Amino acid sequence: MPVWIKRLRDEYLETRLHPGEDFLYWFIQRKMTWGQRWIVVLILNFIVQPLIWNVSLIVWIFWFSFFLLVFYILGQLFFLGKSLYQSFINK
């Protein structure tokens, strides 16, 4: 575990108000500035929430991202094969 995560966890355990205080609530209240909070609110309200309203859009985005992932993997395999072929030819 990175050192900064350990320090953040230790600070959370030392400075929380009561044992049941949630980490996310603690993080938002003590570690984020007002500007960061407003950016998160704007992203959740105007980008994430409209996407959740339309279920078919979520499914379409999933399949589109899956297609991009497959396309990326095939491209990487192509370039791997190309480099292996060139290394065997140049011996």
Side-chain angles (χ1 to χ4, degrees):
M1 188 184 299
V3 176
W4 62 273
I5 292 178
K6 287 182 181 180
R7 283 189 301 212
L8 187 65
R9 184 186 56 141
D10 293 340
E11 184 180 350
Y12 161 67
L13 292 174
E14 292 170 2
T15 61
R16 60 186 178 174
L17 296 176
H18 51 84
E21 186 177 16
D22 187 24
F23 175 77
L24 185 59
Y25 178 78
W26 175 86
F27 186 79
I28 290 172
Q29 290 293 324
R30 291 182 181 81
K31 291 296 178 182
M32 294 179 76
T33 64
W34 280 102
Q36 292 170 338
R37 292 179 196 175
W38 277 108
I39 290 172
V40 169
V41 167
L42 292 174
I43 288 172
L44 288 176
N45 283 328
F46 296 111
I47 296 174
V48 175
Q49 189 177 10
L51 291 177
I52 293 174
W53 290 337
N54 192 351
V55 176
S56 64
L57 180 63
I58 294 172
V59 172
W60 186 85
I61 290 172
F62 169 76
W63 284 112
F64 182 72
S65 59
F66 179 74
F67 171 74
L68 288 178
L69 176 68
V70 169
F71 187 72
Y72 173 77
I73 290 172
L74 289 175
Q76 293 299 312
L77 289 174
F78 172 75
F79 286 116
L80 175 66
K82 182 180 171 184
S83 67
L84 288 175
Y85 176 73
Q86 287 178 351
S87 67
F88 286 126
I89 294 296
N90 292 333
K91 280 189 174 183

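As the structure is a prediction and not an experimental result, all values here were calculated from the model. Any value given below was found using the heavy atoms of this structure, including those in side chains, with hydrogens, waters and symmetry copies removed.
Closest heavy-atom contact between Ile58 and Ile52: CD1-CA, 3.7 Å. Closest approach of Leu17 and Glu21 over heavy atoms only: N-OE1, 2.7 Å.
A single hydrophobic cluster is seen to contain both Val59 and Phe62, as judged by linkage of ILVMFWY side chains at heavy-atom distances under 4.5 Å, directly or through other members. Hydrophobic clustering (side-chain heavy atoms under 4.5 Å, transitive across Ile, Leu, Val, Met, Phe, Trp, Tyr) keeps Met32 apart from Leu42. Both Ile28 and Val48 are members of a single hydrophobic cluster when ILVMFWY side chains are connected at heavy-atom separations under 4.5 Å. The cluster map of Ile, Leu, Val, Met, Phe, Trp and Tyr, joined by side-chain heavy atoms under 4.5 Å apart, puts Phe78 and Tyr72 in different clusters. Residues Val40 and Tyr25 are members of separate hydrophobic clusters, defined by side-chain heavy-atom contacts under 4.5 angstrom among Ile, Leu, Val, Met, Phe, Trp and Tyr.
Atom CD1 of Ile73 and atom CG of Leu80 lie 13.0 Å apart (nearest 0.5 Å). In this structure, NZ on Lys31 lies 12.0 Å from CZ on Arg37, to the nearest 0.5 angstrom. From Trp38, atom CH2 reaches atom OG1 of Thr33 across 12.5 Å, with rounding to the nearest 0.5 Å. For the atom pair Asn90 CG and Tyr85 OH, the distance stands at 10.0 Å (nearest 0.5 Å). Atoms CH2 and CG, from Trp63 and Leu68 in turn, are 13.5 Å apart once rounded to the nearest 0.5 Å. Rounding to the nearest 0.5 Å gives a distance of 11.5 Å between CG of Leu77 and CZ of Phe79.
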Thr15 and Trp26: CA distance, side-chain angles, deciding distance, side-chain contact (heavy atoms from CB on, under 4.5 Å) verdict: CA-CA 9 Å; Thr15 61; Trp26 175 86; 3.0 Å; yes
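Ring geometry, Phe64 versus Phe67: the interplanar angle falls from 30° to 60°, so the pair is classed tilted.
Cation-pi geometry between Arg9 and Tyr12 is not met at under 6.0 angstrom from the ring centre and within 45 degrees of the axis. Cation-pi geometry between Arg7 and Trp4 is not met: the NZ or CZ atom fails to fall both under 6.0 Å from the ring centre and inside 45° of the normal.
Dense packing is recorded around CZ of Phe23, with more than 12 heavy atoms of other residues, nucleotides or ligands lying under 6.0 Å away.
Glu11 and Arg30 are not joined by a salt bridge, as no carboxylate oxygen comes within less than 4.0 angstrom of a charged side-chain nitrogen.
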